[in-house]
Amino acid sequence: MRNDKSLSRLAGVREACRGTAKDLDGKFLPFIDARLKQLKDMKPSQLTSSDRHNIKRLEKALVTFTKVKDGFNAIGKADIPPGQWDDVIKKSTGGKGIMQTVQDLSDLTQSLFM
């Protein structure tokens, strides 16, 4: 969406945020929640060190990306002025802007689920 020539730069970012929020809500967050539940339902003796590490990563991701989803929703609905977009996301992520957050989401997806 950011590269769609029919959209202004701001409209493209807004549309990318709206779509990402929708994906977070409908796919990513439920998948993290299900994977986390699956790992937590295992007996401690069955968990590998990688599993224990992933539990921590998934718990952190669930909290962070729930906040990010809320920020992206607000951006997508034009509830926040463009000058505040990155600030809202940086507050949710501990300092990462919109594009870095989208990249982190992609990286986490690939490392955990592909």
Side-chain angles (χ1 to χ4, degrees):
M1 288 300 190
R2 292 181 314 110
N3 298 322
D4 186 334
K5 301 296 182 209
S6 68
L7 297 174
S8 70
R9 181 182 172 280
L10 289 177
V13 172
R14 179 177 284 135
E15 190 58 26
C17 288
R18 187 201 60 74
T20 302
K22 184 177 174 183
D23 287 342
L24 282 165
D25 197 36
K27 299 173 191 167
F28 187 77
L29 293 173
F31 193 73
I32 288 179
D33 196 43
R35 180 68 177 129
L36 194 52
K37 182 178 179 343
Q38 181 184 39
L39 288 169
K40 287 183 172 185
D41 285 347
M42 294 172 67
K43 293 179 183 175
S45 61
Q46 294 175 309
L47 293 172
T48 66
S49 61
S50 180
D51 290 335
R52 286 187 286 280
H53 174 72
N54 283 337
I55 287 172
K56 291 177 184 174
R57 284 180 74 194
L58 290 168
E59 287 173 335
K60 183 178 178 188
L62 192 60
V63 170
T64 298
F65 285 108
T66 297
K67 292 177 188 175
V68 166
K69 175 198 60 130
D70 294 341
F72 280 177
N73 267 331
I75 292 167
K77 293 178 181 176
D79 292 341
I80 299 170
Q84 296 175 9
W85 291 355
D86 262 342
D87 293 339
V88 167
I89 301 306
K90 284 179 179 180
K91 186 183 262 188
S92 300
T93 62
K96 296 179 182 179
I98 291 171
M99 299 319 301
Q100 189 176 3
T101 301
V102 171
Q103 183 61 52
D104 285 353
L105 179 60
S106 174
D107 293 346
L108 182 64
T109 301
Q110 289 180 18
S111 71
L112 290 173
F113 309 115
M114 301 273 179

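Below, each value reflects all heavy atoms present in this structure, side chains not excepted, and no hydrogens, waters or symmetry copies. Nothing here was measured: the structure is a model prediction, and the numbers come from that model.
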By side-chain contact (heavy atoms from CB on, under 4.5 Å) - contacts of [X] (at least two apart):
X: S45; result: K43
X: S49; result: R52
X: D51; result: R35, L39, M42, L47, T48

What's the spacing between [X] [atom1] and [Y] [atom2] if we round to 0.5 Å?
X: L62; Y: F28; atom1: CG; atom2: CZ; answer: 9.0 Å
X: D23; Y: R18; atom1: CG; atom2: CZ; answer: 9.0 Å
X: F72; Y: I89; atom1: CZ; atom2: CD1; answer: 4.5 Å
X: I32; Y: K27; atom1: CD1; atom2: NZ; answer: 14.0 Å

> Is there a chain of hydrophobic side chains (I, L, V, M, F, W, Y, each step under 4.5 Å between heavy atoms) that links V63 to V102?
Replying inline: no

> Where do I75 and I98 land on the side-chain contact (heavy atoms from CB on, under 4.5 Å) test, with the steps shown first?
Replying inline: CA-CA 10 Å; I75 292 167; I98 291 171; 4.1 Å; yes

> L105 versus L24: any side-chain heavy-atom pair under 4.5 Å?
Replying inline: yes

> Between Q100 and D104, is any side-chain donor less than 3.5 angstrom from a side-chain acceptor?
Replying inline: no

> Who passes side-chain hydrogen bond (donor to acceptor under 3.5 Å, both in side chains) against D79, sequence neighbours left out?
Replying inline: none

> What residues form a side-chain hydrogen bond (donor to acceptor under 3.5 Å, both in side chains) with K37, not counting sequence neighbours?
Replying inline: D41

> What pair of heavy atoms forms the shortest contact from L10 to P82, and how long is it?
Replying inline: CD2-CB, 3.9 Å

>> On a heavy-atom basis, which atom in A61 and which in L108 lie closest, and how many Å separate them?
In response: CB-CD2, 3.5 Å

> side-chain hydrogen bond (donor to acceptor under 3.5 Å, both in side chains): which pairs involve residues 85-94, sequence neighbours left out?
Replying inline: none

Can you list everything that forms a salt bridge (charged side-chain N to carboxylate O under 4.0 Å, His left out) with [X]? Sequence neighbours excluded, please.
X: D33; value: none
X: K22; value: none
X: K77; value: none

>> Show every salt bridge (Lys or Arg N to Asp or Glu O under 4.0 Å) that has at least one partner inside residues 58-73, sequence neighbours left out.
In response: D25-K69, K40-E59

